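Presented below is the structure to which this report refers.
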There are 2 protein chains.
Amino acid sequence: MFKTEKKVSFFDTISPFVKISPKSRSALLSVMQKDHYPKGHVLVPLGGICRHVYYIEKGLSRTFYIKDGKDITEKFCTENSFTCSMPASIVNVPDNRQIELLEPSIIWSMPYTELEKLYDDYHDIERMGRFVVTNELVHMHQRLSDLQFRSAEERYNNLLQKNPDLLQRVSLGLISSYLGITQETLSRIRSRV
Amino acid sequence: MFKTEKKVSFFDTISPFVKISPKSRSALLSVMQKDHYPKGHVLVPLGGICRHVYYIEKGLSRTFYIKDGKDITEKFCTENSFTCSMPASIVNVPDNRQIELLEPSIIWSMPYTELEKLYDDYHDIERMGRFVVTNELVHMHQRLSDLQFRSAEERYNNLLQKNPDLLQRVSLGLISSYLGITQETLSRIRSRV
DNA sequence: TAGTGTTTTTGATAAATGTCAAAGGAAAAG
DNA sequence: CTTTTCCTTTGACATTTATCAAAAACACTA
């Protein structure tokens with residue numbers, strides 16, 4: 001008798017780092033929902049509390065907030081990675097971060113409350129959670145040291161080197177605020193090659 | 001018969017968030033080492049791989065690195081919090097971060113390899129690990145948005161408000177690089193009150 | 001193809017911050 | 001108490017980046 005298992009890229013992403021038992025795997029799948037969304041869809045609207053963790057199977061999301069009337073991109077999230085409104089999910093408090101999709105995307109949603117239950121019941125899922133958060137932390141460290149003492153030009157070149165496809169997929173206005181500079185400055189940096 | 005349990009502030013710090021069983025507690029204690037260090041002691045020297053997670057019971061540490069000959073403070077760590085050279089511990093690769101003590105301190109050291117074993121054996125300790133990392137991540141988020149689009153003055157006032165005692169305990173030269181500015185600029189910001 | 005809206009570039013100028021050098025001040029050492 | 005060292009402030013100037021306004025390039029639609 002065959003056991004048909006749909007291939008889910010989610011598990012391909014985490015399996016090199018965390019071993020997930022078959023039981024845990026199906027427990028996870030039971031709380032995960034897969035959706036197709038169009039470009040421009042808002043996953044987390046302004047004022048809403050982010051109650052899910054999202055895994056992006058395909059597509060591209062942007063986490064942003066408005067500060068002094070300016071739209072500031074905090075994070076881009078591409079294929080095979082996780083996103084959520086971090087402080088909101090952890091402290092369960094609304095914050096001003098929104099998440100929108102910049103491309104038609106395939107998203108897996110996991111309700112945070114369900115995930116907490118799985119953390120209780122399955123040690124390996126708790127480990128997966130730790131792994132995901134840790135990875136994110138390492139990533140944040142790199143961004144922090146970028147912003148702390150690199151010039152705008154260094155930051156741009158860094159991005160160009162580490163994430164060249166992002167510049168193809170995202171408009172410069174969004175990239176510039178991600179780098180912590182204005183659009184005009186980014187344009188000038190690009191012109192003086 | 002009395003069971004004498006020494007009070008360990010470590011557990012006071014985490015217990016509001018993570019419930020640690022007595023078994024796990026003693027397992028943790030068995031791999032934790034408490035030390036007194038003088039001011040100026042170097043926990044993680046240049047080129048060394050950080051193989052421990054440190055919990056600061058008393059005192060103050062500074063994580064820093066040298067970039068273009070300049071000493072850059074990445075993080076301060078005060079009483080009842082954790083520190084380690086993040087990328088080094090996770091990826092187990094040497095990096096250029098050093099950790100030194102700015103005051104005489106009481107430090108609990110946990111070897112990373114031992115901790116990994118405990119993660120395997122004790123679900124609640126794994127949860128504790130997830131909790132610590134998550135907390136750190138929330139904290140990093142705040143710093144990131146500070147650095148991304150706030151002026152030097154805003155950042156200073158922020159620090160003054162959120163962490164006033166740090167300014168009493170640490171010299172301005174170290175604070176300034178933490179804020180991502182030069183010492184002269186910080187001095188001028190302070191003078192124009 | 002012309003027309004409309006959006007994104008990117010360019011220009012002129014202002015503001016913020018860095019750099020280098022030196023002078024004060026405070027704290028530690030003799 | 002004096003000397004030495006370290007920390008902080010001040011000054012003059014250079015550089016980077018922001019701001020505001022407009023032009024140019026591009027993309028989409030009728």
Side-chain angles (χ1 to χ4, degrees), chain A residues 38-40 60 62 64-73 76 100-104 143-160 164-193, chain B residues 38-42 60 62 64-73 76 100-104 143-160 164-193:
Chain A
K39 172 178 175 170
L60 176 57
R62 176 175 87 100
F64 67 104
Y65 56 91
I66 308 293
K67 193 224 165 194
D68 301 340
K70 265 169 268 168
D71 178 316
I72 296 176
T73 297
F76 294 107
E100 68 174 10
L101 301 178
L102 301 180
E103 298 176 358
R143 276 204 73 200
L144 191 77
S145 55
D146 260 29
L147 286 168
Q148 196 173 358
F149 259 106
R150 284 190 209 282
S151 70
E153 185 160 0
E154 283 180 292
R155 277 175 272 160
Y156 172 73
N157 287 329
N158 241 5
L159 184 66
L160 196 61
D165 67 310
L166 201 60
L167 290 158
Q168 306 302 323
R169 295 164 76 178
V170 178
S171 75
L172 289 187
L174 302 184
I175 296 279
S176 64
S177 73
Y178 177 76
L179 292 173
I181 56 181
T182 62
Q183 183 170 333
E184 294 92 328
T185 299
L186 178 55
S187 176
R188 289 187 176 106
I189 286 170
R190 280 157 52 92
S191 70
R192 63 168 189 251
V193 174
Chain B
K39 173 177 176 171
H41 179 80
V42 176
L60 176 57
R62 177 175 86 101
F64 66 103
Y65 56 92
I66 307 294
K67 192 222 166 197
D68 301 340
K70 267 170 266 168
D71 178 317
I72 296 176
T73 297
F76 295 108
E100 67 174 12
L101 301 177
L102 300 181
E103 298 176 357
R143 277 205 72 200
L144 190 77
S145 54
D146 259 30
L147 285 169
Q148 196 173 356
F149 259 106
R150 285 190 208 281
S151 69
E153 186 161 0
E154 285 180 291
R155 277 174 272 159
Y156 172 72
N157 287 327
N158 241 6
L159 184 66
L160 197 60
D165 67 310
L166 199 61
L167 290 158
Q168 306 302 323
R169 294 164 75 177
V170 178
S171 76
L172 289 189
L174 302 184
I175 295 280
S176 65
S177 73
Y178 177 75
L179 292 172
I181 57 180
T182 62
Q183 181 171 331
E184 294 91 332
T185 298
L186 179 55
S187 176
R188 289 186 177 107
I189 285 171
R190 281 158 51 92
S191 69
R192 63 169 188 251
V193 174

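Quick caveat, the model's predicted, so the values are computed rather than measured. The chains referred to below are lettered A, B, ... by the order of the sequence lines, with proteins before strands, and numbering in each begins at 1.
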Nearest whole angstrom, please: distance from the [atom2] of [N] to the [atom1] of [X].
{"X": "B:Leu174", "N": "D:dT8", "atom1": "CG", "atom2": "P", "value": "8 Å"}
{"X": "A:Ile181", "N": "D:dT19", "atom1": "CD1", "atom2": "C1'", "value": "15 Å"}
{"X": "A:Arg155", "N": "D:dT16", "atom1": "CZ", "atom2": "P", "value": "13 Å"}
{"X": "B:Arg192", "N": "D:dT8", "atom1": "CZ", "atom2": "P", "value": "18 Å"}
{"X": "A:Arg150", "N": "D:dT17", "atom1": "CZ", "atom2": "P", "value": "14 Å"}
{"X": "A:Glu153", "N": "D:dA18", "atom1": "CD", "atom2": "C1'", "value": "17 Å"}

For A:Leu167, which residues count as a side-chain contact (heavy atoms from CB on, under 4.5 Å) partner, sequence neighbours excluded? A:Tyr156, A:Leu159, A:Leu160, A:Ile175
Sequence neighbours excluded, the answer for ring pair (Phe, Tyr, Trp, His ring centres under 6.0 Å) partners of B:Phe76 is B:Tyr178
Not counting sequence neighbours, which residues clear side chain to side chain donor-acceptor pair (under 3.5 Å) with [X]? List them please.
{"X": "A:Glu153", "value": "A:Arg192"}
{"X": "A:Arg150", "value": "A:Asp146"}
{"X": "B:Glu100", "value": "B:Arg62"}
{"X": "B:Thr182", "value": "B:Thr185"}

Against B:Gln148, only a single residue in A:Ile181, A:Ile72, A:Leu179 fulfils side chain to side chain contact (heavy atoms under 4.5 Å, CB included); can you say which? A:Ile72
Between A:Leu186 and A:Leu172, the two heavy atoms sitting closest are CD2-O, 3.6 Å
How close do B:Ser145 and A:Tyr65 get, heavy atom to heavy atom, and via which atoms? CB-OH, 3.4 Å
Under the salt bridge (Lys or Arg N to Asp or Glu O under 4.0 Å) rule, what pairs show up with a residue in residues 167-185 of chain A, not counting sequence neighbours? A:Glu79-A:Arg169, A:Glu103-A:Arg169, A:Asp165-A:Arg169
Looking at residues at least two apart in the chain, or sitting in another chain, which of them share a salt bridge (Lys or Arg N to Asp or Glu O under 4.0 Å) with B:Lys39? none
B:Ser177 side chain to B:Thr73 main-chain N or O, any donor-acceptor pair under 3.5 Å? yes
So what is the end-to-end bend of the helix from C:dT1-D:dA30 to C:dG30-D:dC1, with 5 pairs used at each end and the value given to 10 degrees? 40°
Opening and closing nucleotides of DNA chain C in contact with chain A, under 4.0 Å to non-hydrogen atoms: C:dT8 to C:dA12
Tell me, for nucleotides 9-15 of chain D in 5' to 3' order, what letter each nucleotide earns: B for a base near a protein heavy atom under 4.0 Å, S for only sugar-phosphate near one, - for neither? BBBB---
Distances for protein N or O near nucleotides 23-29 of chain D N or O, under 3.5 Å:
none

Any side-chain heavy atom of B:Arg190 within less than 4.5 Å of one from B:Ser187? no
